[in-house]
Amino acid sequence: MKLKSFLILSLIIIVQDYAFSQISYPPLSPKGIINQRVGNTNLKIEYERPSARNRKIFGELVPWNEVWRTGAGNCTKISFDKKVMMGNQSINPGTYSLFTIPNKEEWIVILNSDTSLYGSYDYNPDKDVARFVVSPQNSNRYYETLTIDVDLIPNNAMIYIAWENISIGFEFETSTDQEIEKYINEQLLTGNVKDYNEMSNAIDYLYFQGKDYKKLEWLAKESIKLN
């Protein structure tokens, strides 16, 4: 009983010290925010970034085969404002919690509709929106702090999650190319839209994407007629 009282008193003193401190102490797991335009889609990822601090991460701090918040503190959240493909699954626009189940051989990536969770304590698989499997890779770089990165692959992206010396990656596919190609085929090539700027933009798109040079040539000739 005396030990319990001592611990409570010590905790009160620590809290008071923080409350009246004259200096701002940094959080142990600072918040990371990624805002990235991917093709026609706005992507946002919010997560809290724990550091290794000489601890063994995977298999110990982060157990194998258990649902992990993929961060620290509040659950990691991913948002996008257009329908996308992830893990070969179509996912509607919105905000989702991002969980993983790490394993030595494969990881399960989970998108869940409950974004109010602290960690994964009340995680409910019935609210899963998508699940897919990815293969972990050993990294030549040691990541002291959990790092989520977005690598742009014109109009699409790869999302990477890395910590310690392990990383995973999965595709984030937008509808950009399909929408642009549909517009070119149905509006520009049919003559429904005869606008020099629109044709010029389409020419740039086709050229830098390395696509259908016959369409590009036709659009170039038509744009010359217009200007």
Side-chain angles (χ1 to χ4, degrees), residues 11-12 14-19 21 23-38 41-84 86-87 89 91-103 107-134 136 139 143-151 157-172:
L11 180 60
I12 292 172
I14 291 171
V15 170
Q16 287 178 336
D17 285 345
Y18 270 95
S21 176
I23 190 170
S24 177
Y25 288 90
L28 293 175
S29 301
K31 189 171 184 178
I33 300 177
I34 299 171
N35 283 296
Q36 180 63 60
R37 180 78 173 176
V38 182
T41 304
N42 291 310
L43 168 65
K44 183 177 183 179
I45 301 173
E46 301 175 77
Y47 67 118
E48 295 180 38
R49 306 184 61 190
S51 296
R53 297 189 178 89
N54 297 316
R55 297 174 293 181
K56 172 65 179 170
I57 303 304
F58 295 109
E60 293 189 14
L61 182 65
V62 177
W64 297 123
N65 304 312
E66 293 185 13
V67 176
W68 176 40
R69 73 187 83 187
T70 319
N74 295 302
C75 61
T76 293
K77 291 184 278 292
I78 181 169
S79 309
F80 34 89
D81 60 357
K82 288 201 171 189
K83 183 178 288 189
V84 301
M86 296 174 67
Q89 298 175 51
I91 304 172
N92 289 324
T95 301
Y96 304 94
S97 51
L98 174 64
F99 296 100
T100 53
I101 302 178
N103 181 281
W107 285 38
I108 299 174
V109 179
I110 303 167
L111 266 65
N112 188 278
S113 62
D114 190 347
T115 60
S116 65
L117 299 176
Y118 182 86
S120 57
Y121 302 110
D122 295 317
Y123 161 77
N124 183 352
D126 292 337
K127 296 183 179 181
D128 287 352
V129 174
R131 275 187 172 220
F132 52 92
V133 175
V134 298
S139 171
Y143 288 84
E144 167 64 22
T145 302
L146 175 67
T147 299
I148 299 180
D149 186 28
V150 177
D151 186 24
M158 284 291 294
I159 298 176
Y160 292 100
I161 301 173
W163 198 12
E164 201 175 42
N165 59 352
I166 293 178
S167 69
I168 62 168
F170 49 90
E171 294 179 339
F172 180 88

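Values below: all heavy atoms of this structure, side chains included; hydrogens, waters and symmetry mates excluded.
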Problem set entry | Trace of the side-chain contact (heavy atoms from CB on, under 4.5 Å) decision for Val150 with Phe172 | CA-CA 9 Å; Val150 177; Phe172 180 88; over 6 Å; no
Kindly indicate whether the side chain of [X], heavy atoms from C-beta on, has any atom under 4.5 Å from the side chain of [Y].
{"X": "Leu61", "Y": "Trp163", "answer": "yes"}
{"X": "Ile161", "Y": "Val109", "answer": "no"}
{"X": "Leu111", "Y": "Gln89", "answer": "no"}
{"X": "Asn35", "Y": "Asn42", "answer": "no"}
{"X": "Ile166", "Y": "Ile57", "answer": "no"}

Could you measure the distance from the [atom1] atom of [X] to the [atom2] atom of [Y]? Nearest 0.5 Å is fine.
{"X": "Ile101", "Y": "Arg131", "atom1": "CD1", "atom2": "CZ", "value": "4.5 Å"}
{"X": "Ile168", "Y": "Ile108", "atom1": "CD1", "atom2": "CD1", "value": "11.0 Å"}
{"X": "Tyr123", "Y": "Phe99", "atom1": "OH", "atom2": "CZ", "value": "7.5 Å"}
{"X": "Arg37", "Y": "Asp81", "atom1": "CZ", "atom2": "CG", "value": "6.5 Å"}

Exercise. Which is it for Glu171 and Met158 under the side-chain contact (heavy atoms from CB on, under 4.5 Å) test, yes or no, and what are the steps along the way?
Worked result: CA-CA 5 Å; Glu171 294 179 339; Met158 284 291 294; 3.4 Å; yes
State, to 0.1 Å, how close [X] and [Y] come at their nearest heavy-atom pair, and which atoms those are.
{"X": "Trp107", "Y": "Pro136", "answer": "NE1-CB, 3.7 Å"}
{"X": "Ser29", "Y": "Glu48", "answer": "O-CB, 3.8 Å"}
{"X": "Phe58", "Y": "Trp68", "answer": "CE2-CZ3, 4.0 Å"}
{"X": "Phe80", "Y": "Asn92", "answer": "CE1-O, 3.3 Å"}
{"X": "Thr76", "Y": "Tyr47", "answer": "OG1-CB, 3.4 Å"}
{"X": "Ile78", "Y": "Ile159", "answer": "CD1-CD1, 4.0 Å"}

For this session: Not counting sequence neighbours, which residues clear side chain to side chain donor-acceptor pair (under 3.5 Å) with Thr70? List them please.
Result: Thr100
Exercise. Who passes side chain to side chain donor-acceptor pair (under 3.5 Å) against Glu164, sequence neighbours left out?
Worked result: none
Exercise. Is atom CG of Asn65 surrounded by more than 12 heavy atoms (other residues, nucleotides or ligands) closer than 6.0 Å?
Worked result: yes
Seminar exercise, completed: Between Thr95 and the options Lys44, Glu46, Lys77, the side-chain contact (heavy atoms from CB on, under 4.5 Å) test singles out Lys77
For this session: Keeping the roles fixed (side chain from Arg49, backbone from Leu146), state whether a donor-acceptor pair exists under 3.5 Å.
Result: yes
Seminar exercise, completed: In short, side-chain hydrogen bond (donor to acceptor under 3.5 Å, both in side chains) pairs touching residues 108-121 with sequence neighbours left out are Arg69-Tyr121, Asn112-Asp128, Asp114-Ser116
